[in-house]
Amino acid sequence: MPTTTIATVRAAPRLSRGFFNRDAVTVARELLGKLLVRREGSQLLAGRVVEAEAYLGAADPAAHAYNGRTPRNAVLFGPPGHAYVYFIYGNHYCTNVSCMPEGDAGCVLLRALEPVVGIAAMAANRDLELAADPTHSQLRNIASGPGRLSEALRITRDRDNGKDFTSPRSDLWFADDGHRVAEIAATPRIGVNQAVHEPLRFLAGGNPYVSGSRKL
DNA sequence: GAGGAGATCGTCT
DNA sequence: GACGATCTCCTCT
């Protein structure tokens, strides 16, 4: 895989509102291979999306929006392209992006990133020691899971929930550097107890940075 | 490498 | 008061 540099990330155009103004399945599939970028002062942190899950809004019993609008999930009922960040299991944040036309409350859960730029800083955010890891086996622990990627990019509810990914002033955005995923695999979603057989989890086939053991 | 259980707290009922 | 779109550590094989 060609090396992605800071210059590449800086030059890659941001994804616009229209990208997210589609159904969750389409957005989840097309997000694979895109870059998720965080600006921390003068530093850039970026990872390539290799795993995402689609949640279909009010029609999906596994979705947070299924039981209607609450203060927590209000972002999902707003315009597409906004960050929905929630706290789970007492110690983890999960990062979603709202999609579908406004009011339908669909979203895509970001489940794993392949670290691309600012790798050392992301590892530090996760308390991982890359310097003491000559085989780089820790690389895939940086962002291979919803809680992990949120921690690596320092995404929290207080700081980022409701943030507009498509605003030119945002310090958190998606970018397209032209990379295309060769193969997209679909599996059932992870950790859900409703609609468990729907193949709404999408992964970059063969990529070692996806979460869990079901890599395909 | 695989599997089980605890941690820990916001959200909803 | 119960539960959860998870992670990590520990034990066993």
Side-chain angles (χ1 to χ4, degrees), chain A residues 20 23-25 27-29 31-32 36 47 49-78 80 82-100 104-115 122-130 132-133 135 137-162 165 185-203 208-216:
Chain A
F20 300 101
D23 67 278
V25 170
V27 174
R29 292 177 64 93
L31 269 183
L32 296 179
L36 176 59
V49 179
V50 295
E51 182 178 343
E53 283 180 359
Y55 287 85
L56 309 181
D60 180 359
H64 283 183
Y66 182 65
N67 291 319
R69 180 175 180 151
T70 67
R72 177 168 73 146
N73 66 22
V75 174
L76 297 178
F77 291 83
H82 285 247
Y84 170 47
V85 182
Y86 63 89
F87 193 62
I88 190 72
Y89 294 121
N91 40 5
H92 301 292
Y93 290 101
C94 292
T95 305
N96 302 248
V97 55
S98 62
C99 54
M100 300 187 80
D104 281 355
C107 70
V108 171
L109 168 67
L110 302 173
R111 287 196 53 91
L113 301 177
E114 174 185 341
M122 285 190 274
N125 291 340
R126 294 261 301 117
D127 281 331
L128 298 174
E129 290 285 345
L130 288 188
D133 177 39
T135 63
S137 62
Q138 291 283 36
L139 275 180
R140 69 167 302 276
N141 288 329
I142 292 178
S144 57
R148 292 174 177 180
L149 78 85
S150 299
E151 187 173 357
L153 294 182
R154 295 183 60 194
I155 294 171
T156 65
R157 189 182 58 123
D158 286 349
R159 182 181 181 190
D160 299 303
N161 189 44
F165 280 114
T187 78
R189 293 173 291 190
I190 293 193
V192 304
N193 299 309
Q194 310 286 334
V196 292
H197 299 303
E198 299 291 330
L200 294 173
R201 171 185 180 234
F202 301 101
L203 329 94
Y209 294 94
V210 301
S211 70
S213 54
R214 286 189 278 177
K215 294 186 177 53
L216 291 183

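Reminder, nothing fancy here: chain letters follow the sequence lines and each chain counts from 1.
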query: For A:Phe77, does the CZ atom have more than 12 heavy-atom neighbours from other residues, nucleotides or ligands under 6.0 Å away?
result: yes
task: Select from A:Gly90 and A:Gly145 the residue whose nearest nucleotide in DNA chain C is closer to the 5' end of that strand.
output: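 Its nearest nucleotide lies further toward 5', so the answer is A:Gly90.
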Rounded distance (Å) that lies between atom [atom2] of [N] and atom [atom1] of [X]:
X        : N      : atom1 : atom2 : answer
A:Asn91  : C:dT6  : CG    : P     : 12 Å
A:Asp158 : B:dC9  : CG    : P     : 14 Å
A:Leu56  : C:dA5  : CG    : C1'   : 13 Å
A:Tyr66  : C:dG4  : OH    : P     : 15 Å
A:Arg72  : C:dG4  : CZ    : C1'   : 8 Å
A:Asn73  : C:dA5  : CG    : C1'   : 13 Å
A:His64  : B:dT11 : NE2   : P     : 11 Å
A:His92  : C:dC9  : NE2   : P     : 11 Å

Under the 3.5 angstrom rule, does the side chain of [X] hit a backbone N or O of [Y] as a donor-acceptor pair?
X        : Y        : answer
A:Arg126 : A:Asn141 : yes
A:Arg189 : A:Leu200 : no
A:Asn161 : A:Val85  : yes
A:Glu53  : A:Ile190 : yes
A:Asp60  : A:Tyr55  : no

- prompt: Parallel, tilted or perpendicular: which fits the ring planes of A:Tyr93 and A:Phe87, with parallel below 30° and perpendicular above 60°?
  reply: tilted
- request: Give a yes/no on whether any side-chain N or O of A:Arg201 is located under 4.0 angstrom from OP1 or OP2 of C:dA5.
  value: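 Indeed not, no polar side-chain atom of A:Arg201 lies that close.
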task: Give none if C:dC3 has no partner; otherwise give the nucleotide forming a Watson-Crick or G-U wobble pair with it, both distances under 3.5 Å.
output: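 B:dG10 - that is the nucleotide pairing with C:dC3, both distances being under 3.5 Å.
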- prompt: So what does A:Phe87 touch, heavy atoms closer than 4.0 Å: a base, only the sugar-phosphate, or nothing?
  reply: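 Touches sugar-phosphate only.
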- request: For A:Asn96, answer base if it contacts any base atom (sugar-phosphate contacts may also be present), sugar-phosphate if it contacts only those atoms, and nothing otherwise; contact means non-hydrogen atoms under 4.0 Å.
  value: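 Base contact.
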- prompt: Using the rule for Phe, Tyr, His and the six-membered ring of Trp, do A:Tyr89 and B:dA7 stack at under 5.5 Å and under 30°?
  reply: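 Here A:Tyr89 fails the 5.5 Å or the 30° condition.
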- request: Enumerate the residues from residues 147-157 of chain A whose closest heavy atom to DNA chain C is under 4.0 Å, giving them by residue number; use none for an empty result.
  value: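 Under 4.0 Å from DNA chain C: A:Gly147, A:Arg148.
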